[in-house]
Amino acid sequence: GTASLQATRYALTAFAGRALTVASGPVVGDVYAEAGLDTRACPAAGLAGLMVRVDSSDDATPESGIIFAVSCDLAVWQVLRLAGENEYVNMGGAVISSEAVAAAEIGNQPTLGLLADGDRLTLYLNGVRLGAVDAPAGSVEGQIGLFVAAPAGSDATARYSRFIVWALP
């Protein structure tokens, strides 16, 4: 089974205008994180998603972590490795299937899911598996959080709901 991280509310701390991390929450390793996502105020080429294993040593500019992001038009997904302040390495991605987009009931927000289990990251949209990638060596634990990024010269807003994290046994 899985265990919740408690019914406690954790403070979210912004960094670099792109993300929020659960700064007052525990440092965790293997987790399943899930959140509803509303990207209506985000440009098509913007990105929004979930972060895991974020370096918590400096909340203002974390230099490591893994981001599962979808384009705001739900056309593509990708996994990015944070490799320094505002530097990202693409670890993989693909076009999002119509099956995954359609799995959300009409009128409901899409739901992102990220399973970080050992060295494997498995990604979900609306309960449909999008794919999996290998985690970088040494990325075994850290903070969790939310992510949004806009194309150069524009703004992006993503609204999240039902942000839930389960620590795996």
Output, in order, the C-alpha distance, side-chain angles, deciding distance and verdict of side-chain contact (heavy atoms from CB on, under 4.5 Å) for Arg81 and Asn90.
CA-CA 6 Å; Arg81 180 175 55 85; Asn90 191 338; over 6 Å; no
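- Considering every non-hydrogen atom in both Ala33 and Val165, the closest pair reads CB-CG2, 4.1 Å.
- The shortest distance between side-chain heavy atoms of Phe163 and Leu146 falls below 4.5 Å.
- Considering CG of Leu112 and CG of Leu130, their distance stands at 8.5 Å, rounded to 0.5 Å.
- Every side-chain contact (heavy atoms from CB on, under 4.5 Å) that Ala158 has, sequence neighbours left out, goes to Leu37, Ala48, Val148, Tyr160.
- For residues 115-124, every residue pair satisfying the side-chain hydrogen bond (donor to acceptor under 3.5 Å, both in side chains) rule, not counting sequence neighbours, is listed here: Arg120-Asp134.
- A search for side-chain hydrogen bond (donor to acceptor under 3.5 Å, both in side chains) contacts involving Tyr32 returns Glu34, not counting sequence neighbours.
- With sequence neighbours left out, the side-chain contact (heavy atoms from CB on, under 4.5 Å) criterion links Ala41 to Thr157, Arg159.
- Hydrophobic clustering, with ILVMFWY side chains joined whenever heavy atoms are under 4.5 angstrom apart, keeps Val128 apart from Val133.
- Side-chain contact between Trp166 and Val31 is absent, with no heavy-atom pair separated by less than 4.5 Å.
- The closest side-chain heavy-atom distance from Leu121 to Leu115 is not below 4.5 Å.
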Enumerate donor-acceptor pairs with a distance under 3.5 Å from any side-chain N or O in residues 65-73 to protein atoms, sequence neighbours excluded.
residue	atom	partner	partner atom	Å
Ser71	OG	Asp73	OD1	2.6
Ser71	OG	Ala75	N	3.0
Ser71	OG	Val76	N	3.1
Asp73	OD1	Ala75	N	3.1

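- Of all non-hydrogen atoms in Ala35 and Leu50, the two that sit nearest each other are CB-CD2, 3.9 Å.
- Taking the side chain as every heavy atom from C-beta outward, Leu80 and Val89 never approach each other to under 4.5 Å.
- Partners of Arg162 by side-chain contact (heavy atoms from CB on, under 4.5 Å), not counting sequence neighbours, listed by chain and number: Gln109, Thr111.
- Sorted by first and then second residue, the salt bridge (Lys or Arg N to Asp or Glu O under 4.0 Å) pairs with a member in residues 39-50 read Asp38-Arg40; sequence neighbours excluded.
- Between the side chain of Ser97 and the backbone N or O of Ala100, at least one donor-acceptor pair lies under 3.5 Å.
- Looking at Pro110 and Leu74, their side chains come closer than 4.5 Å, going by heavy atoms from C-beta outward.
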